[in-house]
Protein chains: 2
Amino acid sequence: MGNGMTGKGRVTIREVAERAGVSMATASRALSGNHPVPAATRARVLRAARDLDYVANAHARALVGGGRKMAAVVVRQVTSPFYAQVAEGVEAEAADRGWLCVVGATGGDPQREMEFVQLMREEGARLVILVGGVVEDDAYRSRVARYAQALDASGGRLVLCGRPAPGPDVPALVVEFDNEAGAKAITAHLLSAGHRRIVFLGALPGNTALDARVAGYRAALAEHGLEDEAAHVVDCGLGRAAGLRAMGELLKGPRDFTAVVAGDDMVAAGALRAIAEAGLRVPEDVSVVGYNDIPLAEDFDPPLTTVRTPAEELGRAAVRIALRDPERAAGTHHLLGTHIVVRRSVSSPGGSS
Amino acid sequence: MGNGMTGKGRVTIREVAERAGVSMATASRALSGNHPVPAATRARVLRAARDLDYVANAHARALVGGGRKMAAVVVRQVTSPFYAQVAEGVEAEAADRGWLCVVGATGGDPQREMEFVQLMREEGARLVILVGGVVEDDAYRSRVARYAQALDASGGRLVLCGRPAPGPDVPALVVEFDNEAGAKAITAHLLSAGHRRIVFLGALPGNTALDARVAGYRAALAEHGLEDEAAHVVDCGLGRAAGLRAMGELLKGPRDFTAVVAGDDMVAAGALRAIAEAGLRVPEDVSVVGYNDIPLAEDFDPPLTTVRTPAEELGRAAVRIALRDPERAAGTHHLLGTHIVVRRSVSSPGGSS
DNA sequence: TGGGGCTTTGAAAGCGTTTTCGTGCCGGAC
DNA sequence: GTCCGGCACGAAAACGCTTTCAAAGCCCCA
């Protein structure tokens, strides 16, 4: 494969042009295809480029072309199954359109988030997708408003996935699952199995995604004619460790519930383990449902009944919607549907007790 | 927050310079800090930049500065827990050094891998990290040799994580776990629990990582004085589905084994389920061990005894080593250690049967 | 007072590409 | 035979920044 590498630096279009015996302008036209070029000339240039192993300098290209197609997706951590799937969706949809996609992890630190967004602005990202629940406070609102305006000013676009828009006048797009409907549906599933005393484990006041799920849970209860006092919400936050601990606490007290709706599958994983450690069985003694249907949910013991949120589709939808209408449909809110997947962690309470 | 956004385009350094009453050169010096500038002048420039919400154009900067600090990590898919952790490690270490990190997913398709590497060359990535097992054939070797040489020619560096180097003269770095030692240790763990008939589930001939694990398994057997015929290797490949199917097949035949070493945790997850579906219990009837210790391994039923491969550390090590000595220590091979984490999926075979 | 170094600053030269503008040329219409 | 439209192509400008080069100002000592 006779590579024509001469020295250190990269091969430039000038060298390609010289070898092909044309001017840089013609070489550029032949290579980028932006302007018609006679087939013979074109072939000569392409041949020369291949011989020299020429790769265009994306920086120079972006500099003159006024930016480049690049999307950035920002998640708390890549190792969370849900975030990873969203990121994969964004990546896939971006790749399909020939866009470059970079993903950044913040570890939940607003400082790192700001740094990363700043970096993306420098790099000329035209699409920044912030995914994942956060606590919505004033700092959050002003921060996101700033991002949105800055991006908007330079022709970019901000998308919030599962995050609230800070205000109606902020030029950001919101794409998320219908958390309220999902939680309502899975709670109704429990209710129609006969459960009446159901606890919601893993709320996180201020996190809009979780708040919506709690609202859905309450709505289902209300629709079944239960008083609001029947609701029992444990604010332990997300994560397996939180679920393990909170469920352990709960089981120390009187067992005045027959089912638990977990804030997400990881909380459910913790709850499952806590229940097992207390010598109880799922679903005979307690029914448990999760949220998100992470890939391993069917390997839990027992396989978990949960709400499937097609996370990859969320990522794809985010870029699809953002790129659809360039005419700034600012502040629009898109809700994606979810559905229940029934496995073996729910039974009728009549069976035991 | 009086932002000085005037129109559409981005604010340039020229406008900052004008507002601060200095030349572009001085503004550049003050902003980039590459050259000393009197404190007073510097403050004026910084003030102007802040007022105008100036962000440097990374493309222009990279163009004149001869590239930019950017690393690319290429994995099969981001949603695999192991790859995700490696990517997170790379991202973290890169971020610590002020590098930008791009992650690409190939879905295992060499075509997409090539496209992505090409794109990274255009973008001027100085570090490309290919992670994940592959089947090593001629196409693979020539492909990787090409990447390595191309990157090397333009001052970049190729790192292979858990992949074989295509040859000793190829300017690539290899960083991986000591798969042979890990598999040997976990097999020895089974042997010292009394198991003698152990099957290895999930081999994939040609994949060097798996091949090394199989070698470690055989070595442990040999060290315990077992003939090589005692080895029973099932070539079903990786993934939960493969484990589920292969284990199911195995259980249809005579049960001539008491323990299984899975190629990785996902295979173990499949095996666990297959065993449960056959009405058998782990570890009473069959002991199972995995490989990698993914985050959910302790939530399996039963919690899985496995080999912990600190994946994030692998990612960090890859960039650390690659950046350590610029003087091209080509072809060097770095092995990272692993250790066993004991949970509850192993018991002595004496108990039952 | 003059001159040698040091600091501060600005003008301008690139970096590698795309694109505009202009020139030369050819074929066809008159 | 002349003129005009269109095609092929090259020269040069532009993109936004960093950095070199040189000039100007300053301080200090002889």
Side-chain angles (χ1 to χ4, degrees), chain A residues 6-46 48-49 52-69 119 121-124 126 153-155, chain B residues 6-46 48-49 52-69 119 121-124 126 153-155:
Chain A
T6 50
K8 302 222 61 193
R10 280 163 66 160
V11 177
T12 73
I13 203 175
R14 148 166 268 127
E15 302 170 52
V16 173
E18 275 171 12
R19 183 177 241 259
V22 297
S23 72
M24 284 169 51
T26 305
S28 170
R29 289 192 263 254
L31 289 166
S32 68
N34 288 347
H35 195 80
V37 154
T41 316
R42 174 196 197 83
R44 272 218 318 289
V45 173
L46 261 37
L52 293 170
D53 190 32
Y54 167 76
V55 277
N57 182 325
H59 298 305
R61 204 169 252 182
L63 184 55
V64 56
R68 132 260 250 157
K69 298 158 164 186
L119 186 59
R121 281 226 281 155
E122 293 187 0
E123 293 290 333
R126 286 220 270 270
S154 50
Chain B
T6 49
K8 301 221 59 190
R10 279 163 66 160
V11 177
T12 74
I13 204 175
R14 148 167 267 127
E15 302 170 52
V16 174
E18 274 171 15
R19 180 177 244 259
V22 298
S23 72
M24 283 169 53
T26 305
S28 169
R29 288 192 264 253
L31 289 166
S32 68
N34 287 347
H35 194 80
V37 154
T41 315
R42 175 196 199 84
R44 272 217 319 289
V45 173
L46 260 38
L52 294 169
D53 191 31
Y54 167 76
V55 276
N57 183 323
H59 299 304
R61 205 170 249 182
L63 185 54
V64 56
R68 130 263 249 158
K69 297 159 162 185
L119 185 60
R121 281 227 280 155
E122 292 188 1
E123 293 290 333
R126 285 220 273 266
S154 51

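Within every chain, numbering begins at 1; the chains are lettered A, B, ... in the order of the sequence lines, protein sequences first and strands thereafter. Side-chain atoms are counted along with the backbone in the values below, which use heavy atoms only and exclude waters and symmetry mates.
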Value for CG (B:L52) from OG1 (B:T12), rounded to nearest 0.5 Å, stands at 9.5 Å
Taking all heavy atoms of A:V45 and all of A:V16, pick out the closest pair and write down the distance.
O-CG1, 3.9 Å
Please identify each residue that fulfils side-chain hydrogen bond (donor to acceptor under 3.5 Å, both in side chains) with B:T26, with sequence neighbours left out.
B:S23
Quick one: salt bridge (charged side-chain N to carboxylate O under 4.0 Å, His left out) partners of B:R126, sequence neighbours excluded?
none
Using the heavy-atom set of chain B and a strict 4.0 Å cut-off, write down the first and last nucleotide of DNA chain D that makes it in, 5' to 3'.
D:dG16 to D:dT20
Could you check A:E122 against A:L119 for side-chain contact (heavy atoms from CB on, under 4.5 Å), going step by step and ending with a plain yes or no?
CA-CA 5 Å; A:E122 293 187 0; A:L119 186 59; 4.2 Å; yes
Donor-acceptor contacts, no H, no angles, side chain residues 61-68 of chain B, under 3.5 Å, sequence neighbours left out:
residue : atom : partner : partner atom : Å
B:R68   : NE   : A:E123  : OE1          : 3.4
B:R68   : NE   : A:E123  : OE2          : 3.3
B:R68   : NH1  : A:H59   : NE2          : 3.4
B:R68   : NH1  : B:E123  : O            : 2.9
B:R68   : NH2  : A:E123  : OE1          : 2.2

Within the 4.0 Å heavy-atom criterion, would you say A:A56 contacts the bases, only the backbone, or no part of the nucleic acid?
sugar-phosphate
Sequence neighbours excluded, the answer for side-chain hydrogen bond (donor to acceptor under 3.5 Å, both in side chains) partners of B:R44 is none
At what angle, to 10 degrees, do the two end axes of the helix from C:dT1-D:dA30 to C:dC30-D:dG1 meet, given five pairs define each axis?
60°
Just checking A:L63: base, sugar-phosphate only, or nothing, at a heavy-atom cut-off of under 4.0 Å?
base
To the nearest 0.5 Å, what is the distance between CZ on B:R10 and CG on B:D53?
10.5 Å
Earlier contact from the 5' end, DNA chain D, for B:A60 and B:H35
B:A60
Note: contacts of residues 16-29 of chain A with DNA chain D (heavy atom, under 4.0 Å) are A:V22, A:S23, A:A25, A:T26, A:R29
What are the 5'-most and 3'-most nucleotides of DNA chain C lying under 4.0 Å from any heavy atom of chain A?
C:dG16 to C:dT20
With a cut-off of 3.5 Å and sequence neighbours excluded, list every side-chain donor-acceptor pair involving residues 27-39 of chain B.
residue : atom : partner : partner atom : Å
B:S32   : OG   : B:S28   : O            : 2.9
B:S32   : OG   : B:N34   : N            : 3.4

